[in-house]
Structure formats: C-alpha cells, structure tokens
Amino acid sequence: MRQYADLEEIQRNLNAGQLSCEAIVSDYLSQISKKSHLNAFLTVYSEEALTRASFIDTKIQNGNAGKLAGLVVGIKDVLAFKDHPLQAGSKILEGFVSQYTATVVQRLLDEDAIIIGRQNCDEFAMGSSNENSAFGPVLNDIDNTRVSGGSSGGSAVAVMADMCRVSIGSDTGGSVRQPASFCGVLGLKPTYSRISRYGLVAYGSSFDSIGIFGKSLKDVALVLQVISGADEFDSTVSTTAVPAFSSKLNQPTLTFKIACFRDAIESNGLQLEIKETIQSKISALRQSNHQVDIIDFPLTEFLLPTYYILATAEASSNLSRYDGVRYGHRSQQTHDLQSMYKKSRSEGFGKEVQRRILLGTFVLSASYYDAYYTKAQKVRRIIRDKTKELFSQYDFILSPTAPTTAFKIGENSDDPVQMYLADIYSVHANVAGIPGISVPCGVDKTGLPIGLQLMANDFEESKLFQFAELLSTLH
Ligand code: GLN
C-alpha cells in the first residue's frame, strides 16, 4: 500500500488525476481483509464506501469537493450513523440500528470524508484493553498476543495497520490516548466542550470527549477543525470560535515552559524504557532552550478515585435506559416486569459493565451519596482549580501516556484495579476537562510503541499541536 505523508499529499494526487478515491478505498478494503484477524472492524461498509468514493471522484473532477475529500475514516462503535448498526461493543444492543447521525459523523460527511466502517471497542467504552468487548479483543498489530489498549482499541489498530487514514473514538478517561500509545499513533482528546456529543453513546457525560486518531498531525488538526464547534443539539459545546488548527502548524518554534510531575516520571510502577524515554526528551527539550521543571502535584493520588467514583455514578444513570423495553436485548425468560428488567440487563451487559453499574449505584445511594459522590465532586473542583493554576505558569504538562507498553491479552483481566491503573496518567485531562494528546516517541526493547502525553490549558489545542510536532522531531 502506498504511504502518503498526509491528506494534503493525497489531495494533490487526486487533483492531478494521478489517484482516485475509488482506488484509495479499494486499497483500504483489501488491507482490512488482509488484517481481519486483528478484529478491529465490526462492520465494513464496503459497497457504500466505494459508491461514495466514485461520487467524490466526480466532485473532485468538477472542482467542488469538500475539505476532507480523499479521507477514509473509521468510527468507533459508539457513534450513531443513520441506518447503520450501533452496539457500543455490547450484546444488549444486538440488532440496534441508528435512527440518526451523530454531529461529528455528519460534519465529516459534509466535507466529503468516506466512512469505511464501525470499529470494535470495550463495551460502553469501559476498559483499557478492548477485552471487555462482546466481540472479543482487538489484537495489537506489532505483536498479536498483546492488547490494543482501550477502550477505542479497534480505532487505534485500524490506523496503526493502515485500514483507514483516521479514526474517530471517544475518550472518557484515556480511551483515545492510551490505545494510541499502545499502537504507536497520535491520539487527541480535545477540550471537553470542543466537540458535540450528539449521537455519542453516553458513558460518563461530564467526562466524555470525542477524540481523533491519525498518523499525521496535520490530518488530526484538520479533522478537529471540521468536527468542532457549536451545535444546537448539544448545549455543552462551547461557542468559542474554532481556529484553523491545521494552518497553525509549522510555526516558528517558541520557547515553552513545561511541567513534569515528579511522581509521574519517577514512579516505581513506570516501565523502565518509558522512564528513559521521558528523561531523554526532557534533556533534549532543555538543550533546545525550553524550560522543564520537575514539580510536585499534590493531588495525583486522588485522580483515579475521583474519576472512578464520578464516571461510574454517571454511567449507572446513563445505562439505566437499557432496560429491555425501548430497544436492544429483551430476555425471553421473564414472568413479570421486574424480572424482565433484571434478566434483560443481566444477560445483555458484560461483567465489567455490571461492575460499574453496581459501583455507580452504590456511590449514588442515599446512605453513601455525600461520602462518595458529593466528596468526589468537591475533589474534582479542587483538581481542576489546581490544574488551571499550573497553566498560569506553564504551557504544558508532560507525562507518559500509560505506565507500560501494550500488555499481554489476559494479563490484567482478572484484576480490575490493576486494569484501572493503566489510566493513571490519562484521567487527569478528563477530570479537569483540558485537552491532551498522546505522541508516539519510540519503542521499548521488544519493539512495542511508547507514547508520551502532553496536556494544555482549555482550548489550547493549537499550541498542543505545535508542541507535539516539536516533541516528535526532538532527539
Ligand atoms: N479505561 C477507562 C475506563 O475504563 C477510560 C475509558 C474511556 O476513556 N472510555 O473507564
């Protein structure tokens, strides 16, 4: 398969008549079937994508094609696309077909992107390894005995293995950045209110962000530009003007001030090669006149508990709609309304989703509400305030994306707490609502990708892209 640096290069070839969207789609389709063992796609829209490709080829010839002409995109199985299946990786939505199209998907289509298929993920986006999917795990393309990361595992592997150019995933606590780091691709979680969540299956609504996977920063920036901005269907989206992210790349390098948290980079739980990678990046940054300070962030130990209390509380409420009445799976073994609810939910939801619903219902129950839910809300506010305070002194926070490279399938699946620890670095951005990106920065001794994470202040994605570019070129 011919490799292109970015969509711009593809479009140059398309406009010169040396390439067609049909040829691009055919290439991806053959790669998808060659790599079907990775289990990245749940449904491939082969014919539809080819038909659309030839339609867009005509638009290119007529000179009226949109900004994303030639871009082949995969979407995580949590995004609604009218008349296409949508299951959130769960048995409970077996047979469900979207009634409408998510705002992000519509905006991609309006600019002539081609949607090639629906991608595997952890059930209701709960997980860090894609092992909680009702459709089985996604395999890492570098080592098929290892996980893809999660929950957007299919989306990450699809980009990694050239099954599409860009994927759209969702990130509630790290689900774009962590699999991106395991798969050696870029993974962006924008500012919480940047992108409309209309048509995104809800997990923890106050944390859920739609995110982007790609191999080129320019592509990621352009897609962000297209899908961001106010939407009458989601009142939480900011009306802040959307900058031309893609044209702000390649600016002259500024000098940045960067904070690294001591416990994040010195922790014993951090894989040695990741520790070495971040240390060498810090030295290289200092040598190029950037200021890097190793500081203490006193709230690190509260990040995971705050996230797992609030996200599960929100999930228990969000997932109450799957009751066997309105849509999805309904148990046949029922004799009254109560047993229909119980049986439908027990049969339809997997173990991890049930665990989270139980946990979330517990922290919201009358006797424990103040001790857990209210307290976690207060801690969340303190974390956000302290984080914002840091950005009055620093441009970025630099950390590993995850404590390890891709682990073995099955390695953590019997120990939920061990699995939750995979999110130790990534939940911060969601708890605080700020943007974060995982940037591929080399490999460990077995050749598995290492990702480093940059976080910036609200709405500073442009700066994040500039620094991401710098970080990936600095040695
Ligand atoms: N791994 C985290 C969780 O299981 C994050 C998931 C996500 O971002 N959707 O909740």
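In this text, all values refer to a predicted model and were calculated from it rather than measured experimentally. Just follow the structure's listing: the first ligand is 1, and inside any ligand the first atom is 1.
Shown here for Glu460 and Asp395, the closest heavy-atom pair between the two residues is OE1-O, 4.5 Å. Nearest approach of Ala468 to Val439, heavy atoms of both residues: CB-CG2, 3.7 Å.
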List, one per line, each side-chain donor-acceptor pair under 3.5 Å for residues 222-233, sequence neighbours excluded.
from, atom 1, to, atom 2, distance (Å)
Gln225, OE1, Phe245, N, 3.0
Gln225, OE1, Ser246, N, 3.0
Gln225, OE1, Ser246, OG, 3.0
Ser228, OG, Leu224, O, 2.7
Asp231, OD1, Phe233, N, 3.3
Asp231, OD2, Thr103, OG1, 2.7
Asp231, OD2, Ser196, OG, 2.6

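With sequence neighbours excluded, the residues satisfying side-chain hydrogen bond (donor to acceptor under 3.5 Å, both in side chains) with Asp296 are Arg262. Among residues two or more places apart in sequence or in another chain, the salt bridge (Lys or Arg N to Asp or Glu O under 4.0 Å) test is passed with Arg107 by none.
The cationic atom of Lys463 (NZ for Lys, CZ for Arg) lies less than 6.0 Å from the six-membered ring centre of Phe396 and within 45° of the ring axis.
The contact shell of ligand 1, taken as protein residues with any non-hydrogen atom closer than 4.0 angstrom, comprises Ala125, Met126, Gly127, Ser128, Ser151, Asp171, Thr172, Gly173, Gly174, Ser175, Tyr203, Tyr307, Tyr308, Arg356, Asp423.
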